[in-house]
Amino acid sequence: MPLTRRDFAKSSARAGAGVALVGSVGVLATAGATGSEAEEAGARGEQGAGGRSASRTTGYGPLLPDPGGILALPEGFAYRIITRSGVTKLESGEYTPSHHDGTATFEGSRGVTLLVNNHELKGPRADWEHPVPLTEGLVYDPAAAGGCTVVEVRGHGQVAEWVGIAGTSTNCAGGRTPWGTWLTCEENSDRAGENGMTKDHGYVFEVDPCDRRANRNPKPVKALGRYDHEAVVVDPRRGHLYLTEDDADPNGLFYRWVPPLGFRHGRGRLRTLADDAGVLQAPRCYDSGGRFVDDLSRATRTGTVYGVDWADVPDRDAREVPVREQFGEGEVTRARKLEGMWWADGGAYIVSSYAREESPIAHDGQVWFYDPRRRTLTLKVLLGVNPDPSRDGALDGPDNITVSPYGGLVIAEDGEGVQHLFGATDDGRTYPIARNDLNIGTEAEPEFSEFTGVTFAPDGRTLFANIQDPGIMVAITGPWRRQR
């Protein structure tokens, strides 16, 4: 049953200040500085975001420069390089592919942690020094450079790596399923014949880290649509899938896929679906007054709540017109740079990395929470435009995201200038966890690659993350504690 504008306006009025909020993350205030900066402000008697005192200690302290020039961490923390493109090797003898992106962890047998690691490589294989190797039986399009590797980290420190899927394009984010597989998303929708491709791209594929045989003869899940996919999460109760699209002109959408009646999820079940199975839908949002919201950048205060209705996608395979362009003005709600997602607290956390002149209102990052039970979107995190990205401490451009077992969120930064992993607490304070010290530019014009693939090990003791360029996976350990 659709959520009408009148229904949402009535429910908002009954709630007084808006629909009640859910989720352990809570409402996060506008944040633009790391916890160490907030502590300095508190010492001067200043107030933190939202008017709260910033004097309370948050996080793990200042970041200490790394003598190795890779990763700055707080005192007491350490990192270990798990894979590095052009240095570590796969079981087959080829080098680890480059440009690590979305990643998830899985519990293996006998203390083993398994990770599936996307490699965001776009276009022909000849364009890249270390593409994903074309392993027999695991190739979708032999012309494409991207794919996934599976990394096995054993309890005593040994690491093994092999190909999970090859011949896909621009594998950006993705998502872990409740049944223990990885959905890898192509952020490129080239057709066969474009940019040297021999098959259509812009799809989602399923990769099983525990069963190599299940990955043979890769098949795209066309029911989830063909567009520039970013991330995906699964609602384990209802069976719906939610997906983000990173695109512009016009801005992208986030989608809901509703399975066909009687469909039951499980390992390998998605690849059995017909190409037109279920219904792919795009959101149509309303504010508390029942007014249509054209773009999520309209929200300028954390705690903003929008009601959500859903509009069916006419042609999910985009045979003539890209999916996002199949809707006219006033039909759906868009957002710029829709990126990472994470399912927790009964809903989906959704990132919009930034908004500029292509959007109604500029910002340097939003995190939303979609509650499927209430059919609402709530703005949890809002980063104002960063005036000086080159300055350490300022934050912008959230991308991949995870919910921390120690409370709040951990976010990978993909902004301008200095790049961080940072946490955000329940009440709006942010704090640094790591800084990328690997300069891939020059001394005169330094450049630091984005962080990607932030995810905790199943036991919560290790935080895995990637430096995308050149492609380094690290495991971070230390005195983790509850952040309140």
Side-chain angles (χ1 to χ4, degrees), residues 82-85 88 90-92 94 96-109 112-121 131-133 135 137-140 145-154 159-187 203-216 218-221 224 229-234 241 243 266-268 270-271 340-343 400-402 412 451-458 462-468 471-475:
I82 302 299
T83 67
R84 183 166 184 164
S85 180
T88 56
L90 309 182
E91 288 182 343
S92 54
E94 295 102 336
T96 294
S98 64
H99 289 73
H100 298 26
D101 210 291
T103 307
T105 61
F106 304 83
E107 188 171 1
S109 60
V112 165
T113 296
L114 296 169
L115 301 98
V116 183
N117 186 199
N118 278 358
H119 297 277
E120 191 181 17
L121 300 166
V132 177
T135 302
L138 301 178
V139 180
Y140 171 65
C148 297
T149 54
V150 181
V151 180
E152 180 183 89
V153 181
R154 301 181 185 125
V159 174
E161 185 178 15
W162 60 87
V163 172
I165 187 173
T168 50
S169 178
T170 325
N171 298 68
C172 198
R176 191 187 193 281
T177 69
W179 51 92
T181 63
W182 171 251
L183 299 178
T184 183
C185 297
E186 293 188 301
E187 192 191 352
Y203 295 116
V204 175
F205 296 79
E206 186 170 19
V207 176
D208 193 327
C210 300
D211 184 356
R212 302 193 196 197
R213 294 172 299 177
N215 299 325
R216 298 188 65 82
K219 179 183 178 183
V221 186
L224 301 180
H229 286 269
E230 184 67 34
V232 57
V233 295
V234 180
L241 273 65
L243 310 101
R267 272 187 151 84
L270 287 171
R271 66 184 292 163
M341 303 179 78
W342 196 267
W343 184 272
N400 288 177
I401 188 172
T402 188
F451 277 106
T452 63
V454 58
T455 183
F456 278 92
T462 303
L463 179 66
F464 292 94
N466 309 310
I467 297 174
Q468 186 178 73
I472 301 174
M473 177 187 288
V474 296

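Predicted, not measured: the structure shown is a model, and the values here were computed from it.
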With a 4.5 Å cut-off on side-chain heavy atoms, are I467 and H100 touching? no

Say you draw a straight line from CZ of F106 to OG1 of T177; how long is it, rounded to the nearest 0.5 Å? 6.5 Å

Go through the steps to decide whether L243 and L183 satisfy the test side-chain contact (heavy atoms from CB on, under 4.5 Å), and finish with yes or no. CA-CA 11 Å; L243 310 101; L183 299 178; over 6 Å; no

Let me confirm one number: the SG-CG distance from C172 to L121, rounded to the nearest 0.5 Å. 11.0 Å

Between R212 and E152, is there a side-chain N and carboxylate O pair less than 4.0 Å apart? no

Should the heavy atoms of other residues, nucleotides or ligands under 6.0 Å from CD of E107 be counted, would the total exceed 12? no

What pair of heavy atoms forms the shortest contact from L90 to P133, and how long is it? CD1-CG, 3.6 Å

Could you give the distance from CH2 (W342) to CD1 (I401), rounded to the nearest 0.5 Å? 10.0 Å

Find out whether V163 and S92 are in side-chain contact, i.e. whether some heavy atom of one side chain is under 4.5 Å from a heavy atom of the other. no

Can you tell me how far SG of C148 sits from CD of E206, rounded to the nearest 0.5 angstrom? 11.5 Å

Student check: side-chain heavy atoms of L241 and V233 closer than 4.5 Å: no

Taken in chain and number order and not counting sequence neighbours, the residues that satisfy ring-ring contact (aromatic ring centres under 6.0 Å, His included) with F205 are Y140

Would you check, one step at a time, whether the test side-chain contact (heavy atoms from CB on, under 4.5 Å) holds for T168 with Y203? CA-CA 9 Å; T168 50; Y203 295 116; over 6 Å; no

Distance-only donor-acceptor check, side chains H119 and T149, under 3.5 Å: yes

Does E187 reach the side chain of H229, with side-chain heavy atoms less than 4.5 Å apart? no

Does a side-chain heavy-atom distance below 4.5 Å link L114 with C210? yes

Indicate yes or no: does D208 engage R267 in a salt bridge with an N to O separation below 4.0 Å. yes

Kindly indicate whether the side chain of V151, heavy atoms from C-beta on, has any atom under 4.5 Å from the side chain of I82. yes

Run the side chain to side chain donor-acceptor pair (under 3.5 Å) check on T105 and T113 step by step: do they pass? CA-CA 7 Å; T105 61; T113 296; over 6 Å; no

Test side-chain contact (heavy atoms from CB on, under 4.5 Å) applied to R271 and K219, step by step: CA-CA 6 Å; R271 66 184 292 163; K219 179 183 178 183; 3.9 Å; yes

Take V207 and T181, measure what side-chain contact (heavy atoms from CB on, under 4.5 Å) needs, and give me the verdict at the end. CA-CA 6 Å; V207 176; T181 63; over 6 Å; no

What residues form a side-chain contact (heavy atoms from CB on, under 4.5 Å) with A173, not counting sequence neighbours? E230, A231, N400

Quick one: closest heavy-atom pair of P209 and W162, and the distance? O-CZ2, 4.1 Å

Heavy-atom side-chain proximity of P97 to S85 below 4.5 angstrom: no

From N117, T96, T83, residue fulfilling side-chain hydrogen bond (donor to acceptor under 3.5 Å, both in side chains) relative to E161: T96

Atom CD in E120, atom OG in S169: separation rounded to 0.5 Å? 9.0 Å

Do L115 and V153 have side chains that get closer than 4.5 Å, going by heavy atoms? yes

State which residue, out of T170, T184, N171, fulfils the side-chain hydrogen bond (donor to acceptor under 3.5 Å, both in side chains) condition with N118. T184

